[in-house]
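Everything on this sheet refers to the single structure shown next.
Throughout, numbering of the chain's residues begins at 1 and tracks the sequence.
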Amino acid sequence: MFRPEFPNPQFRRDNWVNLNGTWSFCMDKEDNGAEKKYFEKTAFDGKIEVPFCPESELSGIGHTDFINACWYAREIEIPESALTGRVLLHFGAVDYEANVYVNGKKAGTHKGGFISFCLDITDYVSAGKNVLVVHARDNTKDLMIPSGKQSMVTFSKGCYYTRSTGIWQTVWMEFVPKNYIKNFRLTPDIVNGYIHIEADVVGEGVLNATALYKGNYMANGARFTNGNTVSFTIKLKELHLWEVGNGRLYDMELEFGGDKVHTYFGMREVRIDGRKVLINGKSVYQRLVLDQGLYPDGIYTAKDEQALINDIEISLAAGFNGARLHQKIFEPLFLYHADRLGYIVWGEYPNWGLDHTDPASVLSFMPEWEEELARDYNHPAIIGWCPFNETWDSKITGKRQRDEVIATAYYMTKALDKTRPVIDTSGNYHVVTDIYDLHNYKQDVTLFKTELDKLVDGEVWDPNVKRKQPLEWDGKIPMFMSEYGGIRWSNKEGWGYGNAPTSEQEFKDRYKGLTDALLDNPTMFAFCYTQLYDVEQEQNGLYTYEREPKFDMSFFKEVNSRKAVIED
């Protein structure tokens, strides 16, 4: 069985059942299976390996044309003892709309192709064998469906890639008592050495929290609740800060009504001070790389846990200390390893494919973004949020991007998470933001540096923006070059930005010139190089799509690691 590990170390119970493996499967090209009552079937003619999408090689199917809908089925075994409590069914992600049936009855629906969701299926199961059916619907061409970098044409093209339909993350069950923990938020206070606990629970009882560090007792606290929510603060005996490059993590056990959840947290603070972004009070230059989270054999899904770890390790080997997790909500297991290794990341939403010129797009975007903010709030590695990327005026409808859509996303994000900075839309057009950022793919080092020097005098030059920015940079808030480089280097047909260098030395000289210009500019607190590895036809990574290095990575580590001016 692929992906046997527990998928979310932030919220781990001991009593769980992994449902990955071989499921029966069929495509539903006309999307009329519901009318034909496919949900009453016990099996379909085809087979698929979950959790891989049917477009992928690892799924055993590899169908890369459009799949508007598909169906999955398998048996699940429910022990008699589980029915004294509740049976929870979890999906890591299903793209885009999931309709879930148990024994022929609809148990729930979820919209949003990138985030996890959970259904209580207790009332639909009985002891012994039961049939689980999933109907996934995904019209990538629908302008009200955010699809990230999934191609809206039959084939991969430019910076759009193979689609990922249906189940693409782990499916699992948990058996919990009648009173159990639904969700929780852990908020560190490094100044006072506190950890603040907020939990959503089912039923009344006492929530007990015990914190450990490297197996040593650090704190304990408890609070009674008559249901719904509970919150309290505990003081740690010792303060160990989570830092870039050193992910010092505390373990925590939460107990409520017989339910026990294992989790962890990091003591970390992010704060803006003028043009600087401080982590635990220190100006840390963010040397980031663009990571799109795609794999040749699994598309959106890594073959195994080691592949997730490897993507962080090859980034560190090239001298980056973090990544923009670009146009995809990454799985919790990747975020765990980022937490563990002290690897900073920006949480982003896959907004491409969504028509931002239509105010109704808020209805498609907001629910899933809110779910992401809730699921990933506790990860110390996430040091900022960016709900949108390059919200262009529409080439399809001819309408302008709606500023109120961008502003609404910013204000909602700030309301739900007051601990992190927010970039409203990366690259353009800024409306209201904590950090101003630019995308600049100029390949001429002299021209690139000349444009950066203008920032020192307060002049912003953004080659992507075709009209006046709704919000101009005031010179007082942090400035971030969140995309640059994209230097092409490949023997394959494909594309990158600008003209490809004619030699390895020319590539290295260009990389060093562009990066030095950023490190030496006093307005810049961070850069993000495009990109870590090639993705399909986009041939501008430092590594190949198979994660093989194109060059000696010690060169890039030396260039990236030197001290930046703003760190003085």
Residue pairs, two or more places apart or on separate chains, that pass salt bridge (charged side-chain N to carboxylate O under 4.0 Å, His left out) and touch residues 87-98:
Glu97-Arg137
Do you know which of Tyr511, Tyr543, Phe556 makes ring pair (Phe, Tyr, Trp, His ring centres under 6.0 Å) with Phe551?
Phe556
Take atom CG in Asn499; do more than 12 heavy atoms of anything else shown fall under 6.0 Å from it?
no
Distance-only side-chain donor-acceptor flag, Asn351 / Gln327, under 3.5 Å
yes
Do Thr140 and Gln150 meet the criterion of a side-chain donor-acceptor pair at a distance under 3.5 Å?
no
For the CG atom of Leu288 and the CG atom of Leu532, what is their distance to the nearest 0.5 Å?
11.5 Å
Is the closest side-chain donor-acceptor distance between Thr530 and Tyr497 under 3.5 Å?
no
Checking Asn8 against Tyr336: is there a side-chain donor and acceptor pair closer than 3.5 Å?
no
So, Asn99 versus Thr109: side-chain donor-acceptor pair below 3.5 Å or not?
yes
Tell me if the CD atom of Gln306 is crowded by more than 12 foreign heavy atoms within 6.0 Å.
yes
Interatomic spacing from OH in Tyr545 to CD in Glu538 - rounded to 0.5 Å
11.0 Å
Which residue pairs satisfy the ring-ring contact (aromatic ring centres under 6.0 Å, His included) criterion with at least one member in residues 293-312, sequence neighbours excluded?
Phe114-Tyr300, Trp168-Tyr300
Side chains of Asp355 and Ser361 only: does a donor on one sit below 3.5 Å from an acceptor on the other?
no
Let me confirm one number: the CD-CD1 distance from Glu548 to Ile314, rounded to the nearest 0.5 Å.
9.5 Å
Side-chain donor/acceptor of Tyr96 to backbone N/O of Ile145, under 3.5 Å:
no
If you apply the rule ring-ring contact (aromatic ring centres under 6.0 Å, His included), what do you find for Tyr529 with Tyr484, and how did you get there?
CA-CA 5 Å; Tyr529 181 79; Tyr484 81 104; 5.3 Å; yes
Is a donor from one side chain sitting under 3.5 angstrom from an acceptor on the other, for Ser426 and Glu483?
no
Donor-acceptor pair between Ser116 and Arg375 side chains, under 3.5 angstrom
yes
Pair listing, side chain to side chain donor-acceptor pair (under 3.5 Å) test, anchored in residues 36-50, at least two apart
Thr22-Glu49
Within the supplied structure, the quantity of interest is the number of heavy atoms (other residues, nucleotides, ligands) at a distance under 6.0 Å from Lys303 NZ; does it exceed 12?
no
With rounding to the nearest 0.5 Å, note down the distance linking CG in Leu89 to CG in Leu19.
6.5 Å
Keeping the roles fixed (side chain from Asp28, backbone from Asn32), state whether a donor-acceptor pair exists under 3.5 Å.
yes
Would you call Glu5-Arg3 a salt bridge at under 4.0 Å N-O?
yes
